[in-house]
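Just so we're clear, the structure is a prediction, and the values are computed from it rather than from any experiment. Letters go in sequence order (proteins before strands), and every chain restarts at 1. Any value given below was found using the heavy atoms of this structure, including those in side chains, with hydrogens, waters and symmetry copies removed.
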2 protein chains.
Amino acid sequence: MAKKYERIADALRQSIRAGQLKPGDRLPAETALAEQYKTSVPTMRDALGELLAEGLIDKRHGVGNFVREPRPRVERSNQRHQWEKNRARLLESERLKTGSTEHDTGLTVSDLAFKATYREVKADEDLAAVFSVPVGTRLLEREYRTFPREGDAPFSLVCSHLLYSAVSSNPDLLDASNEPWPGGTQNQLLTVGIELDRIVERITARPPTAEEAEELGLQKGVSVFVLRKISIDTGDRVVEVSDVIMPGDVTELVFTTPLDRW
Amino acid sequence: MAKKYERIADALRQSIRAGQLKPGDRLPAETALAEQYKTSVPTMRDALGELLAEGLIDKRHGVGNFVREPRPRVERSNQRHQWEKNRARLLESERLKTGSTEHDTGLTVSDLAFKATYREVKADEDLAAVFSVPVGTRLLEREYRTFPREGDAPFSLVCSHLLYSAVSSNPDLLDASNEPWPGGTQNQLLTVGIELDRIVERITARPPTAEEAEELGLQKGVSVFVLRKISIDTGDRVVEVSDVIMPGDVTELVFTTPLDRW
DNA sequence: GAGTGGTCTAGACCACTGT
DNA sequence: CAGTGGTCTAGACCACTCC
């Protein structure tokens, strides 16, 4: 026999899909639901936990459980990289018009809030291995947050590392107040004579840390994508390592692989 | 103040990383752990649930909780597509030697068990939209499972769809007993005159269905990758749509994007 | 202050595993 | 059969939100 909380979760899913419960609707209180389904509150909470992990409902402490508005998925395509490379050499007036997040989401610049912080750090074992440099090498660490609107949760948490020695010849690159930089990282690299040859992305999924869940506004049970983007220049040198955390429930990654012709 | 179950989970994580609990070790019974950490069994189970979702422990019903052996990650690179395309035109004797799963895992053919089932189906709305054909169009549905060893859980669940009309000219392609087909899908397509131009992959993450969790042997809280691979031929026609479910805790997806030179 | 979800307790009973 | 984890109950008390 199926587990009780699964049967209840199924019944609720059914109600949502059939439209008896519409996006934005508040569900009855958990005590009321428990009574309705002839079960205890903890079992009811197990059932709601399934819907929560699937992103079908939002729990709001002290307020109630709500059917979630079908949030538009944020699409992140690897074609953004070539797009960014092309854009990096445009005139500044062109580069100012739009950034990568707009490219992904279709939103316009004015809808977005942006935050960047820079820091100088030393390479730990992990980063040293990827950059092929000694542990302790100076790196420029840059954290980015892009918000759909002020007050909302960010789309992603980005932590980028650059080889300090590679970028310090242009002091503007060391100052976070120049962000958002028109033309993005590839334009920044262009100012110190670096051209990218290829980008390697490694993707895993795992439960968020408590801090990540907090910052991204994730419900319990939702996993995150961890994407490590490694930028390699025309001299086969790793010049940037960027770690991106994205909510698994609303993100779609798209990769196009062209094949050589026969 | 931090939640009790989080503090306990942290303490256990610590013990595992410090090596006081080694891979393969059995943890004390949950009742014993609850007593040790001065808490109730349900709270203890919440703490263990965190480690479970992170893949640090295995729960085995009726047996106990075990520190997990650090399972090797299965890497799936998009370079496999070009590799497969090159392999598709080799002599059969060459093609027999190795398949894509071996390419991903580094295992040899003899370590692997393989299962394929074919079925004829009609396109639902979803598939019809991707193929750009009317709903109800005949499709060949193929399910694949590859196991590390007989009896173990498969690496992934693969469900592939081909346009029936595109492949039926070669009856060998309709018979599952010809699997594993030396040279893979791209060689199969070659026999009916189809060459692939590019592959588009769309990736999301979500909790597994009950069936997926069962078949992949997933612990509670572990998410799966859902990868939809769309193969497009040199005439810009979608010829294959393949849905792949992979465990999020042991899979690493790798994508390399080459950039045009300035 | 009323009502909501969040955490935690204590314990019953069932299902599974290995001996 | 003994011991383990799995499910479920009943209810206390806290934290948060909104009126």
Side-chain angles (χ1 to χ4, degrees), chain A residues 1-12 21 24-53 55-68 151 153 207-208 210 213-214 217-222, chain B residues 1-12 21 24-53 55-68 151 153 207-208 210 213-214 217-222:
Chain A
M1 175 183 128
K3 290 154 223 166
K4 193 164 186 176
Y5 72 88
E6 282 182 356
R7 279 187 286 114
I8 296 172
D10 273 343
L12 289 171
L21 289 169
D25 281 1
R26 216 201 78 178
L27 276 67
E30 299 187 347
T31 48
L33 280 171
E35 199 175 340
Q36 182 182 334
Y37 285 102
K38 301 188 197 316
T39 187
S40 67
V41 172
T43 299
M44 196 64 226
R45 291 175 58 78
D46 282 347
L48 292 170
E50 293 221 336
L51 305 191
L52 202 61
L56 290 173
I57 62 171
D58 273 328
K59 275 181 161 303
R60 290 166 52 191
H61 190 174
V63 186
N65 297 311
F66 297 81
V67 179
R68 217 206 224 183
E214 158 79 12
L218 296 178
Q219 301 279 350
K220 217 172 229 181
V222 174
Chain B
M1 175 185 131
K3 290 153 223 167
K4 192 163 185 176
Y5 72 87
E6 283 182 356
R7 280 187 286 114
I8 296 172
D10 273 343
L12 289 172
L21 288 169
D25 281 1
R26 216 201 78 178
L27 276 66
E30 298 187 350
T31 48
L33 280 172
E35 197 174 341
Q36 181 182 333
Y37 285 101
K38 300 188 197 317
T39 188
S40 67
V41 171
T43 299
M44 197 62 227
R45 291 176 59 79
D46 282 347
L48 293 170
E50 294 219 338
L51 305 193
L52 202 60
L56 289 174
I57 62 170
D58 274 328
K59 274 180 161 306
R60 290 167 51 193
H61 190 176
V63 185
N65 297 311
F66 296 81
V67 179
R68 216 206 226 185
E214 158 78 12
L218 296 178
Q219 300 280 349
K220 216 172 230 182
V222 174

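Proximity note for A/Arg26 (side chain, C-beta onward) versus C/dT4, C/dG5, C/dT7: the nearest is C/dT4. Of the listed nucleotides (D/dG6, C/dT7, C/dG5), C/dG5 has the atom at the smallest distance from the side chain of A/Glu30. When distances run from any side-chain atom of B/Asn65 to the nucleotides D/dC8, D/dG5, D/dT4, the shortest one goes to D/dG5.
Axis orientation changes by 10° from one end of the helix from C/dG1-D/dC18 to C/dG18-D/dC1 to the other, with each end axis drawn from 5 pairs and the value rounded to 10°.
Partners of B/Gln219 under the side-chain hydrogen bond (donor to acceptor under 3.5 Å, both in side chains) rule, at least two apart in sequence or in another chain, are B/Asp58. Here B/Asp25 pairs with nothing under the side-chain hydrogen bond (donor to acceptor under 3.5 Å, both in side chains) rule; sequence neighbours left out. Remark: A/Ser40 engages A/Thr43 in a side-chain hydrogen bond (donor to acceptor under 3.5 Å, both in side chains) (not counting sequence neighbours). Legend: residues meeting side-chain contact (heavy atoms from CB on, under 4.5 Å) with B/Glu214, ordered by chain and number and at least two apart, are absent.
Contact between the side-chain N/O atoms of A/Lys4 and the OP1/OP2 oxygens of D/dT9 is found at a separation under 4.0 Å. For D/dG6, one of the phosphate oxygens OP1 or OP2 lies less than 4.0 angstrom from a side-chain nitrogen or oxygen of B/Lys59. At the phosphate of D/dG5, neither OP1 nor OP2 sits under 4.0 Å from any side-chain N or O atom of B/Arg45.
Going from atom CG of A/Asp58 over to atom C1' of C/dT4 covers 15 Å, rounded to whole Å. Straight-line distance from the CD atom of A/Glu6 to the C1' atom of D/dC8: 14 Å, rounded to whole Å. One atom, OH of A/Tyr37, and another, C1' of D/dT7, lie 19 Å apart when rounded to the nearest Å.
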Exercise for review: Report, as a single string ordered 5' to 3', how protein heavy atoms within less than 4.0 Å touch nucleotides 10-19 of chain C: B base, S sugar-phosphate only, - not at all.
Suggested key: BB---BBS--

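Counting any heavy atom pair closer than 4.0 Å across all strands shown, B/Asp46 reaches no nucleic acid atom.
Each of B/Gly64 and A/Tyr5 has a nearest nucleotide on DNA chain D; the 5'-most of these lies closest to B/Gly64.
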